[in-house]
Colleague: 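Submitted below is the structure of interest, expressed as structure tokens.
Owing to the predicted nature of the structure, the values given are computational and were not obtained by experimental measurement. Numbering of ligands and ligand atoms starts at 1, following listing order.
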Amino acid sequence: MAQKISLTRYLVEQQRADGLIPGQLRLLLEVVARACKSISQAVNKGALGGVLGSAESENVQGEIQKKLDIIANEVLIEANEWGGHLAAMASEEMDSIHLVPNRYPQGEYLLLFDPLDGSSNIDVNVSIGTIFSVLRKPENGHGQGVQESDFLQAGSKQVAAGYCIYGPQTTLVLTVGNGVAMFTLDREQGSFMLTQEDIKIPADTKEFAINMSNMRHWDAPVKRYIDECLAGKEGPRGKDFNMRWIASMVADVHRILMRGGVFMYPWDKREPEKAGKLRLMYEANPMSWLVEQAGGAATNGRQRILDIAPTKLHERVAVVLGSKNEVERLTGYHDPL
Ligand code: P6P
């Protein structure tokens, strides 16, 4: 069997090959991977570790926090504060940005994360995951420390993005802008080992992912697209479709990276003032870059997600991502901007 390459060796060789992973970024990615290993161990303990259930608190999204949401957030903060690679962090679980304390050196990067996506699945033992996005700290010219406005960069400005899925395997999926690679945690060695690279999403699919219980709230283009899928062979698509909905974006996106498909969380009439349910900065942007790097597409129904200029740290967005031809079809059903 070919020698397995560790995450560290992969990052070193990628830097040597095309210079996309400067030293501080390599350190950042290795620290995030180590933090994900710790989160994986906490998740795997489950009831034995007393980490299930609610933390009896709410996050900035107004959602009840699970104990593991808070644990994962703390693990990522503590792991990334002291290394000198980061200037600040932002998390779904924190109202405002977290500056690296003055007692540590400041780095050139900003790290954003959803520490544990899919929390509603924690207590029922369904795959969940950590999503992360890396931006450069801008030369903000205001001469002060990092401010929230420094994080408000379009997804096209990311320098690294990835997720770690805590499922039957613990798997880290990563891009730095030259394709998508996957690393599986070897628990005996305690290392992430390269198990797939240059991951590609098929342009066509027969599988869609959406929460069908929201059908009556959707806009006409989404209803049209789903109705056509449900009409199957006898309908305008001329083929039958399958449906999946894990209610854990990391798990649904991972399936799409592995075998194709289209994932939708569209705008709906329940809270019309919100652009969508999912968060742009630390859910949609990293997942959209991964999908595009794997040959797929990602829009909000009308616009490429990575082109959206953010106005708020926790802003939400509608998401359609996955197999390119399906994303383009559904986007084409919407009125142009
Ligand atoms: P619903 C998890 O809470 C999440 O943010 C995504 O991971 C997931 O795709 C979506 O929400 C599930 O939402 O409304 O189906 O529970």
Colleague: Using the rule that Ile, Leu, Val, Met, Phe, Trp and Tyr join whenever any side-chain heavy atoms are under 4.5 Å apart, tell me whether Val126 and Leu116 fall into a single cluster.
Modeller: no
Colleague: For atom 14 (O) of ligand 1, what's the nearest protein heavy-atom neighbour? Residue, atom name and distance, please.
Modeller: Tyr265 OH, 2.6 Å
Colleague: Give the atoms of ligand 1, by number and element, whose distance to some non-hydrogen atom of Met249 is under 4.0 Å.
Modeller: 6 (C), 7 (O), 8 (C), 9 (O)
Colleague: Judged by non-hydrogen atoms, does Glu63 sit under 4.0 Å from ligand 1?
Modeller: no
Colleague: Just to verify, which of Arg187, Lys45, Gln169 counts as forming a side-chain hydrogen bond (donor to acceptor under 3.5 Å, both in side chains) with Ser40?
Modeller: Arg187
Colleague: May I ask you to say whether Glu326 pairs ionically with Arg237, meaning some side-chain N is under 4.0 Å from a carboxylate O?
Modeller: yes
Colleague: Quick one: look at Leu278 and ligand 1, take heavy-atom pairs under 4.0 Å, and tell me if it's side chain, backbone, both or neither.
Modeller: side chain
Colleague: If you measure from atom 15 (O) of ligand 1 to every heavy atom of Val319, Val250, Asn211, Ile210, which option wins on shortest distance?
Modeller: Asn211
Colleague: Are more than 12 heavy atoms from other residues, nucleotides or ligands located less than 6.0 Å from atom NZ of Lys206?
Modeller: no
Colleague: Would you call Arg279 and Glu63 a salt bridge, using N to O less than 4.0 angstrom?
Modeller: yes
Colleague: Check ligand 1 against Arg279 and write out every atom of the ligand that is under 4.0 Å from a heavy-atom position of the residue.
Modeller: 5 (O)
Colleague: Hey, does Asn214 come in under 3.5 Å of ligand 1, counting only N/O atoms on both sides?
Modeller: no
Colleague: For atom 13 (O) of ligand 1, which candidate among Glu92, Met264, Lys277 provides the closest heavy atom?
Modeller: Lys277
Colleague: Taking only heavy atoms of Glu283, which atoms of ligand 1 are found under 4.0 Å from at least one of them?
Modeller: 5 (O)
Colleague: Of all the atoms in ligand 1, which lie at a distance below 4.0 Å from a heavy atom belonging to Phe263?
Modeller: 9 (O)
Colleague: What do you reckon, are the aromatic ring centroids of Phe263 and Trp245 less than 6.0 Å apart?
Modeller: yes
Colleague: Do the side chains of Arg34 and Glu30 get close enough for a salt bridge, i.e. N-O under 4.0 angstrom?
Modeller: no
Colleague: Does Ser248 have a heavy atom less than 4.0 Å from any atom of ligand 1?
Modeller: yes
Colleague: Does any N or O in the side chain of Ser323 come within less than 3.5 Å of the main-chain N or O of Asn325, such that one atom is a donor and the other an acceptor?
Modeller: no
